[in-house]
Structure formats: C-alpha cells, structure tokens
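Since the structure comes first, as structure tokens, the remarks are kept for the end.
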Amino acid sequence: MSTLYRDTGVVLRVQKLGEADRIVTLLTRRSGKIRAVAKGVRRTRSRWGARLEPFNHVDVQCYTGRSLDVITQCQTLDAFGSGVVGDYSRYTAGCAILETADRLVSEEGSGDSMRVYLLLVGAVRALAGRERDASLILDAFLLRAMSHAGWAPAISECAKCAAPGPHRAFSVQGGGAVCEVCRPPGSVLPGPETFALLDALLHGDWPIADAATGPTRRDTSGLVAAHLQWHLERQLRSLPFVERKGDPSVH
C-alpha cells in the first residue's frame with residue numbers, strides 16, 4: 001500500500017525517464033537518500049520542473065512506489081543552483097560535494113544520514129553565497145563528512161600509536177599523521193601549515209583557513225582527496241575537474 005510523506009532535501013542528481021519524466025535522487029532530512037519519479041517535468045509547460053535541479057534545496061511530497069517513489073508536489077526552499085552553476089570553480093566543487101554525499105549515503109532510505117544532510121546544506125549554501133573560496137568549502141565538507149563516516153584523518157596525533165604531535169609525516173594508507181616510529185613507506189612530508197589547515201577545516205576555524213596560501217591549499221586538497229578516495233575504494237568522477245586556484249585573494 002502506498003504511503004504519502006513529506007520531507008526536505010537537496011537534489012543530488014537527475015536522469016531522464018521516458019519522454020517527459022525524470023528520476024530525481026535527493027538526500028533528505030528524515031528519509032535519507034531517496035529516488036523518486038517526477039512526472040512530466042521535462043515538458044516545457046511544467047510548473048515545477050526547474051525546481052528539481054541539482055543543488056536546489058526543496059520541500060517535496062511523495063508517495064511510495066514499488067521500486068521508485070513518486071513526487072507529487074515540490075516547493076523551492078533555497079535555489080542554490082542559481083548561485084553555483086554560473087561559476088566554474090563553484091560548480092565543479094559543488095559537483096564533487098554532491099557526488100560525495102551520494103556515495104557516503106549508499107542505501108536508499110538510510111536513516112543514518114541527518115549529519116550528512118546538514119553538512120550538505122551548509123556546504124552548498126556557502127558555495128552559493130560566494131563568500132569563501134570554493135576549494136576550502138569542498139575540503140571542509142569532505143573532512144567533516146569523513147569524520148561522520150569514521151574516516152577522518154589523524155592530524156594532531158599518530159594514527160597508529162596515538163602519540164601526541166605535531167608529526168611531520170602523513171600516510172593516506174596509515175590513516176593520517178604518523179610519528180617517526182610508525183611511519184610506513186610512501187608517507188609524504190607536508191609542511192606544518194598543511195596540518196594547520198587540515199585541522200582548521202575540520203573544526204571550522206575559518207580565519208586560519210582563509211589566511212592559508214595557495215600552495216598550502218593545494219597540498220591540503222591533495223591529501224584530502226587521496227584520503228577520501230582510499231576509503232571509498234574508487235575515484236570520484238568529479239574531483240579531477242575541480243579548479244584549484246593558487247591565489248587566496250581570488251574567490
């Protein structure tokens with residue numbers, strides 16, 4: 001028996017279905033990740049098709065179906081897409097954020113997704129607001145989302161023996177910062193500024209993050225991306241397209 005429900009969510013991706021319909025994947029506040037059919041939204045006279053576009057924060061009413069739910073109503077809460085799609089660096093960073101959220105909440109209907117949903121709304125809102133560098137917003141989201149999943153890299157202590165830092169080496173396979181005793185082959189030696197930026201992004205210390213230099217931001221982004229993809233065990237399709245700007249004054 002079909003059940004009617006209402007929820008708020010962010011559109012992660014869309015795909016065509018038939019001649020006029022669309023399958024919409026959303027990460028919602030209460031229902032986790034859902035896939036639902038929006039009927040007729042690709043017709044030019046559709047009244048709410050434009051609301052169901054990636055990045056948008058919407059209020060939807062659906063009823064459950066056998067394999068896919070069906071969207072019967074949709075209202076825009078925040079049209080984040082308009083503030084993201086017109087800027088290449090923000091669009092590519094946003095695509096990486098949406099793809100990561102989609103991967104982290106793997107099961108449709110998963111109830112353990114509230115934290116990822118809140119992180120996602122905050123990250124996309126920050127991208128659309130254009131007040132901070134897109135790559136910083138992306139890396140902060142990735143670090144906090146990994147923390148929720150239990151994958152956060154060790155930063156201030158050794159990932160192997162928990163010896164307090166600061167430490168000089170970082171090992172993706174080893175779980176983050178490692179001491180000289182535990183340091184495995186293949187570890188890299190980031191500067192102390194990179195460790196400081198990792199910590200600032202994870203804990204929301206934006207004055208330190210905003211003051212980071214271009215090279216420090218690029219080094220940090222590389223470690224964050226490598227750490228995430230090691231745990232996901234596959235590459236994010238959108239990450240190679242993310243624009244990394246070297247000048248912190250360019251937003």
Side-chain angles (χ1 to χ4, degrees), residues 89 92-93 95-97 99-104 106 115-116 119-120 122-123 126 132-251:
S89 64
T92 54
C95 288
I97 288 172
E99 186 180 356
T100 300
D102 196 0
R103 295 277 186 87
L104 287 178
S106 57
R115 176 63 175 164
V116 179
L119 288 172
L120 176 62
R132 286 199 163 87
D133 180 66
S135 64
L136 291 180
I137 296 170
L138 169 60
D139 291 335
F141 171 82
L142 296 181
L143 283 167
R144 295 174 195 182
M146 284 192 287
S147 178
H148 168 75
W151 304 339
I155 299 172
S156 59
E157 61 182 26
C158 177
K160 297 286 189 179
C161 68
H167 299 296
R168 296 181 59 244
F170 188 100
S171 170
V172 171
Q173 297 89 337
V178 285
C179 66
E180 291 298 322
V181 175
C182 300
R183 175 182 168 186
S187 300
V188 296
L189 299 175
E193 300 85 0
T194 300
F195 281 109
L197 180 54
L198 284 168
D199 187 69
L201 292 173
L202 180 60
H203 296 103
D205 192 341
W206 286 106
I208 291 179
D210 290 335
T213 64
T216 298
R217 294 184 185 190
R218 287 194 297 271
D219 290 347
T220 300
S221 295
L223 293 179
V224 172
H227 192 83
L228 172 67
Q229 292 176 117
W230 170 264
H231 285 282
L232 288 176
E233 298 181 344
R234 59 190 298 187
Q235 184 174 4
L236 291 178
R237 294 190 302 270
S238 51
L239 267 183
F241 300 100
V242 174
E243 185 178 47
R244 304 293 188 181
K245 294 180 179 179
D247 183 359
S249 66
V250 178
H251 296 280

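Everything numeric here is computed off the predicted structure, so don't read it as measured data. In this chain, numbering begins with 1 at the start of the sequence shown.
Nearest heavy-atom pair, A196 versus I208, reported as atom, atom and distance to 0.1 Å: O-CG2, 4.4 Å. Closest non-hydrogen pair, F195 versus R168, comes out as CE1-O, 3.8 Å. Residues A101 and L120 come closest through the heavy atom pair CB-CD2, 4.2 Å. The nearest pair of heavy atoms linking P240 to L236 is CD-O, 3.4 Å. The heavy-atom pair separating M146 from P153 by the smallest distance is CE-CD, 4.5 Å. The minimum heavy-atom distance linking S89 with A134 is given by the pair O-CB, 3.8 Å.
How far CG of L197 is from CG of D210: 10.0 Å, rounded to the nearest 0.5 Å. We find the OG-CG distance between S135 and L142 to be 11.0 Å, quoted to the nearest 0.5 Å. The structure places CG of D133 at 5.0 Å from CZ of R217, a figure rounded to the nearest 0.5 Å. Interatomic distance, H167 NE2 to E157 CD, rounded to the nearest 0.5 Å: 7.5 Å. I155 CD1 to L201 CG: the interatomic distance, rounded to the nearest 0.5 Å, is 8.5 Å.
Between T216 and E193, the side chains place no donor N or O within less than 3.5 Å of an acceptor N or O (distance only, hydrogens not considered).
Panel note: side chain Q235, backbone Q229; no donor-acceptor pair is recorded below 3.5 Å. The backbone N or O of I137 sits nowhere less than 3.5 Å from a side-chain atom of R132 that would complete a donor-acceptor pair. Counting only distance, with no hydrogens or angles, the side chain of H227 and the backbone of L223 share no donor-acceptor pair below 3.5 Å. For R144 (side chain) and A152 (main-chain N/O), no donor-acceptor pair under 3.5 Å exists by modelled atom type. Side-chain atoms of R218 do not come within 3.5 Å of backbone N or O of T213 as any donor-acceptor pair. Checking side-chain atoms of T100 against main-chain N and O of A96 turns up a donor-acceptor pair under 3.5 Å.
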Next item on the list: Verify side-chain contact (heavy atoms from CB on, under 4.5 Å) between V188 and D219, making sure each step is shown before the conclusion.
Entry: CA-CA 11 Å; V188 296; D219 290 347; over 6 Å; no
Note to self: Using side-chain contact (heavy atoms from CB on, under 4.5 Å), reason through V224 and L143 one step at a time and then give a plain yes or no.
What the structure shows: CA-CA 7 Å; V224 172; L143 283 167; 4.0 Å; yes
Next item on the list: Show your working on side-chain contact (heavy atoms from CB on, under 4.5 Å) between K160 and R183 and close with a plain yes or no.
Entry: CA-CA 9 Å; K160 297 286 189 179; R183 175 182 168 186; over 6 Å; no
Check: Yes or no on side-chain contact (heavy atoms from CB on, under 4.5 Å) for F170 and L198, after CA distance, side-chain angles and deciding distance?
Finding: CA-CA 12 Å; F170 188 100; L198 284 168; 4.2 Å; yes
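The closest side-chain heavy-atom distance from L189 to S187 is not below 4.5 Å. Counting only heavy atoms from C-beta outward, the side chains of C179 and C161 approach each other to under 4.5 Å. Between L138 and I97 the shortest side-chain heavy-atom distance falls below 4.5 Å.
Taking the six-membered ring for Trp and thresholds of 30 and 60 degrees, W151 and H231 have nearly parallel ring planes, at less than 30 degrees apart.
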